[in-house]
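Naming: A, B, ... by sequence-line order, numbering from 1 per chain.
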Amino acid sequence: MIDFSRVSIGEGLPSCTRCAGKGASAFRDTEDVVTELGSRDVDLVGADSLTHPDIERIVEQAVSMAADRVRIEVASGIDKAKALALIHSGVRHVRVAILGGSADAHDALVSERGAFDRVAETVARLREAGEEAGARMAFSARVPACKHNASELPGAVVAAADMGLDAVAIVTGDMGGEAGGFTPWVAAACDTGIVNTLWVEVEGLPFCLMPAHALHLADSVRATAGQKAPACGKCALDPVCGGLAGSAQPQALVSLKRPEDHEQLAAAVGRARAGVSR
Amino acid sequence: MSAAYGGPLKVALVAMNQPGYQSLALGFLRAYAEADSKVAGKAAFQTLDLTSDLDAWWVAYRVAGLDPEVVGFSVTCWNARKVYEACRVIRGAMPRVTIVLGGPEVGPIAEEVLAQQPAVDAVVRGEGEATFAELLQVIAAKKRLWMVEGVTARDGARVVSAPDRELIENLDEIPSPYLAGLLYPVDGGAYLETYRGCPFNCGYCFEGKGYRKIRHFSRERVAAEVELVANTPGMTQFSFIDPVFNLTDERLAWLAELMRPHAARGVRLHTIEVDIERIDDTAVELLASAGVASVETGPQSVGAQALELCHRRFDAAKFADGVRRLKAAGITVECDLIIGLPCDDAFHFLQGLRFVAELDPGIIQSSTLHVLPGTMLWDRAAEIGLEFDREPPHEVVATASTTFQDMRRAEILSMAFQKTYRSRV
C-alpha cells in the first residue's frame with residue numbers, strides 16, 4: 001500500500017553465508033545515490049546504513065526532495081548521539097535482517113558472533129532516540145529465506161516480535177528445488193506473525209504454493225516478465241504472480257499446480273492492487 | 001438521608017468512557033430530571049464519569065461508596081462487559097438497589113439484556129431523558145417499573161416491555177448540561193449536540209438511533225452553548241457529536257458564524273464528521289473559518305456490493321476531491337475503513353487501503369466490523385451469513401465473503417500499515 005522506492009546505497013547487508021559466502025561491504029558514490037532520490041517514500045537498501053559515511057546527508061537530501069518516509073537498514077551497533085542524528089536527519093523507518101529464531105542460529109547463518117544481539121540493541125537505541133525526539137518510528141525485519149534457514153522462519157518471526165518490530169518481510173532466495181517442502185515453513189511463519197500481532201509479507205513465492213495465505217503475498221509480489229517458466233502452465237495469476245524467485249530449476253516448477261480458484265484469486269489480487277475508478 | 005427516611009431518592013449515574021471524555025448522555029439525563037417538576041427536589045443525583053479501563057470491582061466500590069438507591073449506567077458496546085460485571089458486584093453488595101441501564105447497546109435488545117443479566121432491574125429504551133425521569137418517580141412511589149413507557153423491566157419472573165415512548169418533539173425541553181452547570185467543559189473532551197438523528201441510514205451504524213427524523217436544538221441554545229464552551233478558561237479545542245456537520249450549506253454557514261470569533265483567537269474544532277463528497281470551496285472556507293482542525297469521514301469500504309448492502313453511496317472522484325480541498329486548507333482528514341463488511345473480502349479492504357493511502361489524508365483509521373444492536377446488519381445477520389460475537393462489543397468473526405483467518409490477517413495488516421503510514425517526518 002505504501003510503495004517505497006528502493007534506492008541502493010551499496011551492498012553487504014547480512015545474508016546467508018552458506019548460500020553466498022560472506023560478502024564485503026561496498027558503498028555507491030553518494031552523488032549517484034542522491035540522483036535517484038525524489039520519491040515520497042524511500043527505502044535505502046543494499047548496505048548497512050550505519051556504516052555509510054554519508055548516510056545522514058543522503059537522508060536529509062531525500063527529505064528535502066519531499067520524502068515523507070525514509071527507511072534504512074541497519075546491522076551494526078549505534079550510540080545515542082548517532083541514533084539522534086539519524087532521526088533528526090529524517091529517518092523514521094528502520095529495518096533489520098533476522099535470519100534465525102535465536103541469536104546462535106542467526107549468528108551462525110551470517111557467520112558473525114554477536115550479530116543478533118547487536119541488532120537487537122540497535123533497535124532499542126533507535127526506539128529510545130525516537131521517543132526522546134518525539135518522532136514516530138516504525139521498525140521491521142527483512143528475513144532472507146533459503147534452504148538453510150527454512151525451519152527457522154517461524155522463530156525469526158517470534159524474534160522480531162520480541163524486539164517489538166511492527167512487520168516482517170520474508171524474501172525468498174534459493175530453495176534448492178524444494179519449494180514444496182519450503183512453503184509450510186513460510187506459512188507457519190505467517191501464522192506465527194498473526195498470533196504475535198505482527199504482519200508478515202512474503203516476496204518471491206507464487207500463489208500456487210500458498211493459496212491459503214494469498215493475502216500475505218498480495219501486495220509484495222511483483223510480476224516480472226519472463227520470470228515464470230513454461231512449466232508453470234497458463235494461469236490467471238500470471239499478471240500478478242512473480243513465480244519462483246532465485247535460481248529455481250525447471251524441475252522445481254513442474255511440481256507447481258495452478259490453484260483451483262486461480263481466476264477468483266487473480267481477480268481479488270488485481271482488485272486489491274488496482275486503483276478505485278474515478 | 002434516603003427516600004426510605006423521607007429524603008430525596010439517591011441516584012448515582014455512572015458512565016465508563018474513553019479516557020479524556022465525559023458522558024454527554026448522562027449530562028442530558030440529569031439535566032432533564034432535575035428540571036422536571038415531578039422529580040425536582042425528590043431525587044438527588046451524583047454522576048460518576050469514569051474511564052473504561054477501570055476494573056469493574058473498583059467501579060462497584062465507587063458506586064457503593066455513594067450508597068445510592070438507584071444506579072443508572074450508560075451502556076455502549078465498548079463498556080458493556082465491564083458494566084455487566086459491575087452490576088453483578090453491586091447487586092451482591094447492595095441487594096436492594098435498583099439498577100437501570102440505558103444507551104445504544106441495551107435499548108434495542110432490552111429483553112435479551114434482562115434475560116441475561118439478572119442483576120439488572122430495568123432497561124430504558126431509546127431516548128432516555130423523559131423515560132428516566134418518569135422511571136424515578138415510579139421507583140420512588142414503589143410502583144411497577146414496567147408500566148413506564150419506554151422501559152423494559154421485570155414483573156416477577158417475566159420480562160415485560162412497556163410501549164415505546166414518543167420522541168421529545170421540542171429538544172429544548174431537555175436543558176443543556178453545560179448551561180445548567182452539570183457538565184464542566186473539558187479541553188479536547190467537550191462535545192456539543194445540535195441535532196438528533198442522521199440523514200443517512202448506513203446498515204452498520206446506530207448514529208441515527210432509529211429516529212425516523214432529524215430534530216434540532218434551537219439555534220439560540222446552541223449559540224449559548226458554543227459561547228460557554230469556547231470561553232471556558234483553557235479551552236483550546238472541542239467538538240460536535242453531530243453525525244454530519246455539514247448537514248446543509250445554510251446550517252454550516254450558521255455554525256461557522258458562531259465559531260468564527262473563537263476560531264480567530266485559536267479555539268479549534270477537532271474530529272468533525274462531514275459528508276466529504278459535498279465539500280466544495282465554500283464549505284472548505286466555512287470549515288476553516290470555524291476553526292476546524294480535523295474532520296472524520298469514510299469511505300468505510302470501496303466495495304460496490306458492500307456499499308450497496310449498507311445503503312452507502314460512494315463517488316471516488318468526489319471523495320478524493322473533498323479530501324484534496326480540505327488538505328489544501330490545512331485541515332487533517334481522518335479516513336475510516338471497516339474490515340469485514342458483508343460482501344467485502346480482505347482484498348476489497350486492501351483496495352480501500354490503497355485508495356485512501358494514495359489520497360494521503362493525514363489519518364487513516366481502520367477497524368473490524370462491530371455488529372451493533374439496532375442496526376440493519378444485526379437484524380439481518382443470519383440471512384446474509386454474518387457471524388459475529390454475540391458478546392459485546394460484537395466483533396465480526398466471519399462473513400460469507402471473508403474467512404475468520406482472513407479477517408484476522410486483514411486486522412494485523414491494517415495495524416502494520418497504520419504504523420508505517422503514521423511514521424513520517
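- Using a 4.5 Å cut-off between heavy atoms, B:D345 contacts chain A through its side chain alone, with no backbone atom that close.
- Other residues, nucleotides and ligands contribute at most 12 non-hydrogen atoms within 6.0 Å of the NZ atom of B:K318.
- Interface remark: A:R40 contributes side-chain atoms only to the contact with chain B (heavy atom separation under 4.5 Å).
- The part of A:A212 that comes within reach of chain B is its backbone (N, CA, C, O), which places non-hydrogen atoms under 4.5 angstrom from that chain.
- Summarising the geometry, atom CD1 belonging to A:I2 is positioned 9.0 Å from atom OG belonging to B:S423; distances are rounded to the nearest 0.5 Å.
- Atoms CD1 and OG1, on B:I412 and A:T197 in that order, are 4.5 Å from each other to the nearest 0.5 Å.
- Considering CZ of A:R92 and CZ of B:R424, their distance stands at 11.5 Å, rounded to 0.5 Å.
- Summarising the local packing, CD of B:Q405 is surrounded by more than 12 heavy atoms from other residues, nucleotides or ligands at distances under 6.0 Å.
- Residues B:T420 and A:D41 form no side-chain contact, since every pair of their non-hydrogen atoms from C-beta on lies 4.5 Å or further apart.
- Scanning both residues, B:A416 and A:D166, for their nearest heavy atoms gives CB-O, 3.8 Å.
- Considering only heavy-atom pairs separated by less than 4.5 Å from chain A, the leading option among B:R408, B:M415, B:R422 is B:R422.
- A:L165 does not touch chain B: none of its heavy atoms, backbone or side chain, sits under 4.5 Å away.
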**OP:** Any chance you could lay out the side-chain contact (heavy atoms from CB on, under 4.5 Å) test for B:V425 and A:V70, step after step, and finish with the verdict?
**Re:** CA-CA 9 Å; B:V425 291; A:V70 180; over 6 Å; no
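- Side-chain atoms of A:R69 come within 3.5 Å of backbone atoms of B:Y421 as a donor-acceptor pair (strictly under, hydrogens ignored).
- Looking at A:F139, neither its backbone nor its side chain comes within 4.5 Å of chain B, counting heavy atoms on both sides.
- Within the 4.5 Å cutoff, the side chain of B:R409 has heavy atoms near those of the A:H213 side chain.
- Within the 4.5 angstrom heavy-atom criterion, only backbone atoms of A:L198 (N, CA, C, O) approach chain B.
- In this structure, CZ on B:F349 lies 14.0 Å from CZ on A:R271, to the nearest 0.5 angstrom.
- For a residue to count as touching a neighbouring chain, one of its non-hydrogen atoms must lie under 4.5 Å from one of that chain's; by this rule A:D191 touches chain B with the side chain only.
- A:V269 touches chain B through backbone and side chain together, each having a heavy atom under 4.5 Å away.
- Contact annotation for A:A268: both backbone and side-chain heavy atoms come within less than 4.5 Å of a heavy atom of chain B.
- Counting only distance, with no hydrogens or angles, the side chain of B:H348 and the backbone of A:A272 share no donor-acceptor pair below 3.5 Å.
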